[in-house]
Amino acid sequence: MSNPTSDNKETKSRAKGPSLRIETAGDIPEERLAKVAAKFAEVNEIEEYRLIIEQRDDLIGGFIVYFQGSRYDYSIKGQLSRIGSFMKQTRSFEAPVDGDFAKAAFTKEEFPSTKIKEDLEDALDRFPESHKISIDNIEIHTLSDEDLNKRIEDAFLFQEHRDEVGKVASISDGVASVTGLKNCMLNELIYFASGATGIAMNLEKTKVGVVLLTGEDTVVESMSCKRTMTTCSVPVGMGLLGRVVDALGHPIDGKGVIRYTEERPVESPAPTIIERAPVDTPLFTGITAIDALTPIGRGQRELIIGDRQTGKTSIALDAIINQKNEDVICVYVPIGQKMANIVATAGLLEKHGAMDYTVIVAASASESAAMQYIAPFAACAIAEKFMYDYHKDVLIVYDDLSKHAQAYRAISLLLRRPPGREAYPGDVFYLHSRLLERSARLSEELGGGSITALPIVETQGNDISAYIPTNVISITDGQIYLSPELFFSGQRPAVNVGLSVSRVGGAAQTKAVKKVAGPLRISLAQAREMASFSQFGSDLDENTQLQIKRGTVLNEVLKQERFSPLTMASEVVLLYCATTDKFNFLATEDIFEFYTELMSEIKLRHPNIFEELTDGKVLTDEIKNEIDTAYNEYKEAFLRDHEEYVEDY
């Protein structure tokens, strides 16, 4: 006969204390579930609880236990889901290093069904969980009380699959306020029951502010969510080359799935000083004005700044196009742009053959502020994989960080963070510094790879003293300032020589470029100063006229069409001729025609000049004499065709 006192105690324990909720698949008798709950309480040392039973048809079999903010999944559906995630994380593709990584799928010959079966069996063998964790309904129904007790105890001993769960208290404008996630970490990825994902960005005493990345329309109040114990990660590897992806690494170009074997956290520490090497290798943009006056080195951060519609993106795209055959991988990050413009940019890079070594990480204007905020960090993680593991040189373009800061400001205001200058939060400087500090040139011990960053910032009305421009100027190693006045006067690219600077300077130039670019800046400055006197119309002495003419010639030489980058050798020859006054006899309108034809003539009749400059990277006296000879030959032919210049000689 049972002890009435003990029976009363058991009934009392089920009626008092915190709730212990069991979600079950199918029709399982309540007395069986009560035994499950009692065993769970015994294993976890729970003295009092209130048992709540709910039915869920989608669990396939087994049950899920909820107790004090934790979720214990013993369902078949849960274990199948974990097996699927494990296989995605550990899958491997035996593709050649120089193979076609960007291809969407294998053929049957490359990846037969037997290989799929082998991979499945291998993954199941390596799966760390025991099959005892998930309990089928048939077992609960048919096992004797003693066997069921032993079976449940075996399952409850495994606690690795325990999830910390919370509940959505409120949702507004893509920001969810969640209660219950007591141990949540900053920037941790949160999964919602609807399949939506978010990042925990505000950790408060009783709630967590979660910014939704995906599925913001599907999240409602009282919906459950769980911690993932990990930060936001993106797929990385050679499979991304030639693809357009969103901020989470999902393909949006319609070319099929992306094959990858690894994910990398979007946030990671920058290389330490010991891990870095000096910036001493040039990264040529193919734009004469930049390579000569504000040179960029591999591992440098060079800001491109100017008003809207002054050619900032064109310079960055020129730099990407010029990396063809230079063994440099490029990552382009359009932030807050129209999707039509992003598609046009991808088409342009495809047309010039640049997509073969480029990844586009797009966060268009139609994306949420959270996706625009995370995109540059995701792109940097993709670039870091190439730098750290493949020891490659990478060029990354952030287009642009003004819109990135605006997206972060929107998120911060929605999270009720206090606004500061221009309503930006106080940590907006840290936002961009921790992003740009990840660009570096690694030491030889770490493989010698590099990330070169070209952040773009848009100014309003030429005001480079605004908050975001001054922040990024102080973070970067120099800036290329594009002036609207120069742009609309026809000087394109509209590089303002006075305000543009490279803090790496000559260390990022070859000896040949450094030699011909030396007198360039001073000549332009003198010409600009003298031009202010010439407007008064007074007679000018011969030396002043020479300086003004030299400035005119140099400005014409520095003009360049979009998407037509020059080789280093071509730039050296062009600047050598310009700085030695070889174009001074020409009228302004004939300078472009003359030097274009001169370059074609040298390529055709004196190809050794370009070859020697490309191989040796030094402008020797012998090469100078060869250039002079080629120049004189072409000049004679030019004068025969242009009789108006003969009278001057």
S364 and S366: side-chain donor and acceptor closer than 3.5 Å?
-> yes
Closest heavy-atom pair, I252 versus M339, reported as atoms and distance to 0.1 Å, is CD1-CE, 4.3 Å
Kindly determine whether I396 and F386 satisfy side chain to side chain contact (heavy atoms under 4.5 Å, CB included), including the steps that lead there.
-> CA-CA 11 Å; I396 185 165; F386 295 124; over 6 Å; no
For the atom pair CD1 (I473) and CD1 (I464), what is the distance rounded to the nearest 0.5 Å?
-> 5.0 Å
Would you call D477 and R503 a salt bridge, using N to O less than 4.0 angstrom?
-> no
Under a 4.5 Å cut-off applied to non-hydrogen side-chain atoms, are T294 and R521 in contact?
-> yes
Any donor-acceptor N or O pair under 3.5 Å, side chains T285, D291 | yes
Heavy atoms of Q509 and A517 approach each other most closely as NE2-CB, 4.1 Å
Salt-bridge contact E367-K403 (side-chain N to carboxylate O under 4.0 Å) | no
Test item: V495 and L482 side chains (from C-beta on) under 4.5 Å apart, heavy atoms = yes
Modelled atom types, side-chain donor and acceptor of T345 and Q337, under 3.5 Å = no
Full working for salt bridge (Lys or Arg N to Asp or Glu O under 4.0 Å) between R562 and D318 | CA-CA 7 Å; R562 292 172 69 199; D318 267 334; over 6 Å; no
Ionic contact status for R409 with E422, cut-off 4.0 Å | no
Could you tell me whether the side chains of Q491 and S489 share a donor-acceptor contact shorter than 3.5 Å?
-> no
Taking the six-membered ring where the residue is Trp, are the ring centres of H404 and F377 under 6.0 Å apart?
-> yes
Which heavy-atom pair separates V234 from G249 by the least distance, and what is that distance?
-> CG1-N, 4.2 Å
Straight-line distance of S412 OG to D427 CG, nearest 0.5 Å | 6.0 Å
Parallel, tilted or perpendicular: which fits the ring planes of F592 and Y595, with parallel below 30° and perpendicular above 60°?
-> perpendicular
Residue pair Y481 / N462, side-chain donor-acceptor N/O under 3.5 Å = yes
Do N187 and T231 have side-chain N/O donor and acceptor atoms under 3.5 Å apart?
-> no
